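To start, the structure under review is shown below, and the notes come after it.
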Amino acid sequence: MVQLGLVGLGRMGFNMRERLRADGHEVVGYDRNAEVSDASSLADMVSKLAAPRIVWIMVPAGGPTRGTVDELGELLSEGDLVIDGGNSKFTDDQRNSEVLAAKKIGYLDCGVSGGVWGKENGYGLMVGGAPEDVERAMPIFDSLRPDGPREEGFSHAGSVGAGHYAKMIHNGIEYGIMQAYAEGFELMEAAHVINDVPAVIKGWQRGTVVRSWLLDLLVRALDDDPELDDLEGYVEDSGEGRWTLEEAINNAVPAPVISAALFARFSSRQKDSAAMRAVAALRNQFGGHAVKKVGQ
C-alpha cells in the first residue's frame, strides 16, 4: 500500500483516485471543488501525507500545471516526489523538474491514456524520469495500468520529458485513426450503396485488420445515434496534435496523415469557410462551374 496526494479530481483524476483506493492505496485528493476534495488546500493535502511524500498532478496543461508545481515546491520537502500525469507539453517537463530539483524533490512525467474508461479498464502509462523514481512509484503505476503483462500497459520511455513526448505522439496517431474511421463512415453514408452503415461498422469489430478500441467506441456511438445527427460536426483539439506536427517539422519527418487529421478538425469549426468560398469562386472563374449564392 502506498500513500498518495492527488491534485485535480476532474473526470480523469476522480476515477484514478477511485481505482487506486480500490487496490488498497491511501489517496488524499485535493480539488477546488470542495464537494469531491479530501483537503481544503494544497497545504492541507501535504500536511495529511507522511514523508517522504508522493504527489500526482492531474490539472490542465500549461499555466495551471506550472503553478501547481511551483506551489508544491514550496510545500514539499527533500526526498518527496511529484508526478505530472496531465497532458503537459514535454518541453515544460524540464522546467518543472529543475524547479523541484532545486529543492531536492524528484519529478516524473507520465502520459496517461484511457479516458473515462480507465477506472474499469486501466490506463496506458508512459513515464519519463529517473529509474529510481520510477521504481519508487511502481506500485501506483501497477494499480493504474490494465491487468496483464506490465510491458503491455506501461513503459518507462526515458528521461524527464519522454513520457509526455510519447503521449504526444500517441495522440497524434489517434487523430489519424479517428479521422480515417470518420471519413469511411461519411463515404458509406453518402454513396447510398450500403443499406445499413452502422451494421457494416459493427461487423468490423472481430476478425478485420481495422478492429480497435476506437472502432468499438464508434459502434457504441452509432448504437445510440445511427446517423450521428444529434451532434454538431465541431471538433476541438487539446494541443498534442499541434505539438506532434511541430516535432515532425523540427525533425523533417513527413506526417501527412496526422497533419490532415488536425486540419480537418480546424475545418470542422468553420460554419462559413473563406477558403472554400475562394475555391468556389476560382472554379467559377476558370471553368464556369456553378456556384451557390448566399440565401439560395
Side-chain angles (χ1 to χ4, degrees), residues 1-31 36-59 65 68-69 71-73 75-86 88 93 96-97 100-101 103-114 117-160 162-164 166-167:
M1 188 274 286
V2 173
Q3 187 187 56
L4 176 73
L6 180 57
V7 184
L9 300 171
R11 287 176 297 177
M12 289 279 284
F14 184 91
N15 284 343
M16 291 169 75
R17 179 177 65 175
E18 298 307 297
R19 185 174 175 89
L20 287 165
R21 285 178 172 172
D23 208 32
H25 300 292
E26 180 186 350
V27 184
V28 180
Y30 168 67
D31 193 274
V36 299
S37 187
D38 305 313
S40 59
S41 65
L42 270 183
D44 184 39
M45 182 199 73
V46 170
S47 73
K48 295 176 185 290
L49 301 174
R53 308 170 187 87
I54 302 178
V55 176
W56 188 300
I57 302 172
M58 288 296 291
V59 301
T65 294
T68 302
V69 168
E71 189 172 351
L72 285 172
L75 294 170
L76 296 175
S77 305
E78 179 179 342
D80 291 345
L81 175 64
V82 171
I83 304 170
D84 176 14
S88 294
D93 291 315
N96 292 339
S97 177
L100 296 173
K103 313 277 185 166
K104 297 185 178 179
I105 299 167
Y107 178 83
L108 296 173
D109 56 285
C110 183
V112 179
S113 181
W117 298 88
K119 178 183 174 183
E120 302 297 329
N121 300 335
Y123 302 88
L125 305 173
M126 298 142 266
V127 179
E132 59 271 22
D133 289 333
V134 174
E135 187 61 31
R136 177 180 168 190
M138 193 58 73
I140 298 167
F141 297 141
D142 278 341
S143 293
L144 289 174
R145 67 174 176 81
D147 294 336
R150 179 186 288 169
E151 63 270 18
E152 294 181 4
F154 170 88
S155 59
H156 180 193
S159 58
V160 167
H164 281 145
K167 178 58 162 46

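Keep in mind that what you see is a predicted model, and the values were worked out from it rather than measured. The chain is numbered in sequence order, starting from 1.
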(request) Indicate the atoms forming the closest heavy-atom contact of G79 with P52, along with that distance. (result) O-CB, 3.6 Å
(request) Enter the distance from L72:CG to L100:CG here, rounded to the nearest 0.5 Å. (result) 7.5 Å
(message) For L144 and M16: C-alpha separation, side-chain torsions, deciding distance, then whether side chain to side chain contact (heavy atoms under 4.5 Å, CB included) applies.
(response) CA-CA 7 Å; L144 289 174; M16 291 169 75; 3.7 Å; yes
(request) Please report the closest heavy-atom contact between A157 and G163, naming both atoms and the distance. (result) CB-N, 4.2 Å
(message) Rounded to the nearest 0.5 Å, what separates atom OG in S77 from atom CZ in R53?
(response) 4.5 Å
(message) I'd like to check Y30 versus V28 (side-chain heavy atoms, cut-off strictly below 4.5 Å). Are they in contact?
(response) no
(request) Would you give the length of the straight line joining atom CG of D93 to atom OG1 of T65, rounded to the nearest 0.5 angstrom? (result) 9.5 Å
(request) Could you tell me whether a side-chain N or O of D109 sits under 3.5 Å from a main-chain N or O of V160, the two making a donor and an acceptor? (result) no
(message) Between the side chains of D38 and K48, is the shortest nitrogen-to-carboxylate-oxygen separation below 4.0 Å, so that they form an ion pair?
(response) no
(request) Measure across M1 and H25 and return the closest heavy-atom pair with its distance rounded to 0.1 Å. (result) CG-CA, 3.7 Å
(message) When you compare the side chain of I140 with that of I54, does any pair of heavy atoms fall below 4.5 Å?
(response) yes
(message) With a 4.5 Å cut-off on side-chain heavy atoms, are K103 and L76 touching?
(response) no
(message) Ignoring hydrogens, what is the shortest heavy-atom contact between R17 and V27? Give both atom names and the distance.
(response) CG-CG1, 3.7 Å
(request) Starting from the C-alpha separation in whole Å, work towards a yes-or-no answer on side chain to side chain contact (heavy atoms under 4.5 Å, CB included) for L42 and M45. (result) CA-CA 5 Å; L42 270 183; M45 182 199 73; 4.1 Å; yes
(message) A side-chain contact here means heavy atoms from C-beta on lying under 4.5 Å apart; do L108 and F141 qualify?
(response) yes
(message) With rounding to the nearest 0.5 angstrom, report the OG to CZ distance, S113 to R145.
(response) 15.5 Å
(message) side chain to side chain contact (heavy atoms under 4.5 Å, CB included), that's the test. Do I105 and V82 meet it? Break it down for me.
(response) CA-CA 7 Å; I105 299 167; V82 171; 4.1 Å; yes
(message) Given 3.5 Å as the limit, does a donor-acceptor pair link the side chain of H164 with the main chain of G86, or not?
(response) yes
(request) Kindly compute the distance separating CZ (R150) from NE2 (H156), expressed to the nearest 0.5 Å. (result) 12.5 Å
(request) Give the minimum heavy-atom separation between Y107 and D133, together with the two atoms involved. (result) N-OD2, 4.1 Å
(request) Determine whether more than 12 heavy atoms belonging to other residues, nucleotides or ligands lie under 6.0 Å from atom CD of Q3. (result) yes
(message) Could you work out, with side-chain contact (heavy atoms from CB on, under 4.5 Å) as the rule, every residue matching A43, not counting sequence neighbours?
(response) S41, L75
(message) To check you understand the geometry: which heavy-atom pair defines the closest contact between P146 and G124, and what is its length?
(response) CD-N, 4.3 Å
(message) Could you check whether any side-chain heavy atom of V112 comes within less than 4.5 Å of a side-chain heavy atom of W56, counting everything from C-beta outward?
(response) yes
(request) Would you please name every residue forming a side-chain contact (heavy atoms from CB on, under 4.5 Å) with K104, sequence neighbours left out? (result) E78
Show every donor-acceptor pair shorter than 3.5 Å between a side-chain atom in residues 7-15 and any protein atom, with sequence neighbours excluded, or say none if there are none.
unit_1, atom_1, unit_2, atom_2, d
N15, ND2, R11, O, 3.3

(message) Please report the interatomic distance SG(C110) to CE(M58), rounded to the nearest 0.5 Å.
(response) 8.5 Å
